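Structure first, then comments.
The model shown is predicted, which means the values in this text are computed figures rather than measured ones. In what follows, residues are counted from 1 in the order of the sequence shown.
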Amino acid sequence: MKLKCYVALITVVLLSACRSNNRESNKALSVKDSIESARLSDESDRIQYGQPDSALILQLARKRIDERNGYTPGVMNYYNAASSINCLIKKDLKSGKQYADSAWLFAQQEGHEYLLYKAYYSQGVYYYAQENNDSAIHYFLTALLLQPEKRDTSFYEHIHSYLADIYASEGNFTSALNYYQPLIQRAEYAPNSPNSVVFYTAGYAYAIEVPGKDAVALSYLSAATAIAQRIQYNSLNGALYTFWAGYYSKKKQLDSSNVYAYKAIARINTAPQPFDRIEKAYLVLLDNYIVLGDYKKAQQELIAAKKKIDTASMLKDDKISLLEKEYLITKKVGSIPETLNTLEQLNTLQKENFAAAKTKQLLNHEKELKQLAAENTISQKNLEIRKQQLLSIVMGLISILSLVIVVLIYLYLRKRKHLELIRLQQIQRTAEREKEQALLQFQIEERNRIAHEMHDDLGSTLTTVQMGLALLEQEPSNKDHLSMIDRATEALSNQMNEIIWSLNVRNDHLYSLLDYFSKYAKDFLGNVGIHLQIDAPKLHNDHPVSGIWRRGVYLTLKELLNNIVKYAQAKNVVIRLDVDGSMLQIVVQDDGVGINHSQATLGSKRQGGNGLQNIKQTIEQLKGTIDWKDDKGTETIIHIPIQ
């Protein structure tokens, strides 16, 4: 009996056995995590054929342990296991491809050759499940080239088993057996392990199909059976009995073949394994009874087989073989309707097979045509080599010339950019020097102004004190002279305080300006009976200003209050200070008689013209603006950038 389609079964068995018994050492894990990881892996292997989704959940839990410990080989094993379960057991190729691609990306990110070896393996499994043999062979062979010096036993065995199965599926059992020989040698060195049973069993499946290898095949099958009995490994009993039945059927020892076929059926019925194929044993029985010419018995076994076999899960070749035997049996026993029905099913399957074979033949033909076209193209290209060489030389010269031009342009632009940068730096230095000179000039002018004020104000006040003292010497009993001296002394003290306040750097913030001016304004306006209200909610110590700027604003406010007292005839004054970004806004509003701005601009003393001119001049020096509005009094609006 041809066992070509049964080789895939042995491969699945091999994968299960190898994964359980040749697990990679968890050297990077703690003892506790290593034990838990091994438990999860064993449980996943145990249930993966019956409960693949639960097996994936267990594998994910194992991956989390590996990730927590930074154990990258364990994470890669998760992607491999998830890809294999989806591709080979669930037949979900889309999900299997996603896990295979995840393994590939993970290996690329980690940059470790050992992980890349496993990533190639995972891609090979996907293409194997897709039955894309060329791609599967490419990835498996590349994985073998990348395998570490200390071989990963389980993956090495997997790859050889897959390659053997691929060649067997193509009918090349000699190549299949060659790839499987290393695993047979492993079985010889471990004659009492479940792996040895698996290796010898699969080895028989390949060897029995190679002409002249009957004796070798029998030795493998005998060894597998002996080891299974010795170690009581019963998982493959159904497969072993089926192979014995097939072997004796091939040797025309039909009684022995039937005995083993019935043993296989009984074993599979009582203790089925996920990878058992009961149809294989029934096909042997039907072959035997057809050869014996006992069609009634063959019909009985056919009826029993159809009750036990899940035709939906059968391999296509087995299904065709079963229909061929059913057609022959029903025809011999004279069941015309069943014969016609079977023939119709058989024709349908054969047409599908023929269409698939024709498609494959067409693809091969197309491949040959492409190869011929490629060879023709190569010959034509050979004729053009000299032209291409000449063109290459010309293009090379053009490229060199272009490169020289590009380099010259680059050097020119670089030099131009450098000169431009130097020019900008010079402009910047000039601007900084002008700014420093302007600041220095402003400081000099401010010092001169302070000196001028001290000379004028303090000098005039001291003169008043001296005059009062001279008058007091002439008329000691005149108290008016004492009052004059007292007022002059107080004015002198205030003037000194203003100068000291403006020069002290600890006062260089807006809140100090507000505090100092508020005290002055309350005393100044309170003495003349004017009510004052100051609103400044946004002024804090975190608004730094220069001393020159602070004194200029203070003198401006002081001059405004002085004008209100002299000319406005006001009863109430409201002052609002607000900060908007880097700008200070000051609004001073009174309920007096207002200002005649035309006369003020012309310098009318009655309307405070000189005072307004002084205010405007100070505001302009501070780069600010000032405006007045008359509406039931006067509203002065000032905007000054904070400096």
Side-chain angles (χ1 to χ4, degrees), residues 430-457 495 498-499 501-503 507-510 512-514 516-517 520-521 534 536 538-539 543-568 573 575-590 594-630 633-643:
T430 301
E432 290 175 354
R433 284 197 298 270
E434 291 177 352
K435 184 177 179 180
E436 291 173 357
Q437 290 174 358
L439 179 60
L440 180 61
Q441 182 64 29
F442 183 73
Q443 291 174 345
I444 292 172
E445 291 176 356
E446 182 65 13
R447 289 174 181 173
N448 291 336
R449 187 180 62 78
I450 292 173
H452 180 71
E453 288 180 0
M454 291 179 67
H455 179 269
D456 291 347
D457 295 344
Q495 290 168 358
E498 284 185 15
I499 293 172
W501 172 80
S502 65
L503 295 176
N507 297 321
D508 287 348
H509 50 81
L510 285 179
S512 174
L513 170 64
L514 173 65
Y516 192 79
F517 172 72
Y520 167 77
I534 297 180
K538 295 184 180 180
L539 266 66
H543 290 98
V545 295
S546 66
I548 297 172
W549 184 90
R550 178 166 44 86
R551 177 171 173 77
V553 175
Y554 172 76
L555 292 176
T556 298
L557 292 172
K558 184 177 178 182
E559 189 67 36
L560 286 173
L561 294 186
N562 188 52
N563 282 349
I564 290 172
V565 170
K566 285 184 178 181
Y567 309 112
V573 174
I575 300 176
R576 292 187 296 275
L577 294 94
D578 192 15
V579 175
D580 183 10
S582 61
M583 188 69 69
L584 175 66
Q585 177 180 289
I586 303 172
V587 178
V588 181
Q589 188 172 12
D590 64 68
I595 298 176
N596 187 328
H597 294 287
S598 60
Q599 293 182 8
T601 303
L602 293 172
S604 170
K605 292 181 181 181
R606 183 173 58 83
Q607 292 291 335
N610 289 337
L612 295 181
Q613 288 296 331
N614 291 338
I615 291 171
K616 289 184 67 176
Q617 184 178 0
T618 302
I619 294 300
E620 288 173 357
Q621 289 176 348
L622 296 176
K623 309 299 182 183
T625 61
I626 185 170
D627 192 17
W628 288 276
K629 293 181 181 179
D630 289 332
T634 301
E635 183 179 44
T636 304
I637 303 170
I638 301 172
H639 289 87
I640 308 173
I642 299 174
Q643 300 175 3

### Summary
Output for pair (Thr636 OG1, Asp590 CG), nearest 0.5 Å, gives 7.0 Å

### Task
Measure the shortest side-chain to side-chain distance between Leu514 and Ile534 over non-hydrogen atoms and say whether it is less than 4.5 angstrom.
yes

### Message
Ignoring hydrogens, what is the shortest heavy-atom contact between Lys623 and Pro641? Give both atom names and the distance.
### Response
O-CD, 3.3 Å

### Closest heavy-atom pair and its distance - Thr618, Gly552
CG2-O, 3.6 Å

### Task
Find out whether Ile637 and Lys629 are in side-chain contact, i.e. whether some heavy atom of one side chain is under 4.5 Å from a heavy atom of the other.
yes

#### Entry: Test applied, side-chain contact (heavy atoms from CB on, under 4.5 Å); reference residue, Asn563; option that passes from Ile615, Asn614, Thr634
Ile615

### Query
How many angstroms lie between CD in Glu559 and CD1 in Ile564, if you round to the nearest 0.5 Å?
11.0 Å

### Query
If you round to the nearest 0.5 Å, how far is CG of Leu584 from CD1 of Ile642?
5.5 Å

### Task
Enter the distance from Leu622:CG to Thr556:OG1 here, rounded to the nearest 0.5 Å.
6.5 Å

### Task
Please list, chain by chain and in numerical order, all residues satisfying side chain to side chain donor-acceptor pair (under 3.5 Å) with Ser582, sequence neighbours excluded.
none

### Query
For the residue pair Phe517 and Lys558, what are the closest heavy atoms and their distance?
CE1-N, 4.1 Å

### Query
Do Ile640 and Ile638 touch side chain to side chain, with heavy atoms closer than 4.5 Å?
yes

### Query
Which pair of non-hydrogen atoms, one from Val545 and one from His509, has the smallest distance, and what is that distance?
CG2-N, 3.6 Å

#### Entry: Interatomic distance, Ile586 atom CD1 to Leu577 atom CG [nearest 0.5 angstrom]
5.0 Å

#### Entry: Non-hydrogen side-chain atoms of Ile575 and Leu560 separated by less than 4.5 Å
no

### Message
Rounded at 0.5 Å granularity, tell me how far CG in Asp630 sits from CD in Glu635.
### Response
10.0 Å

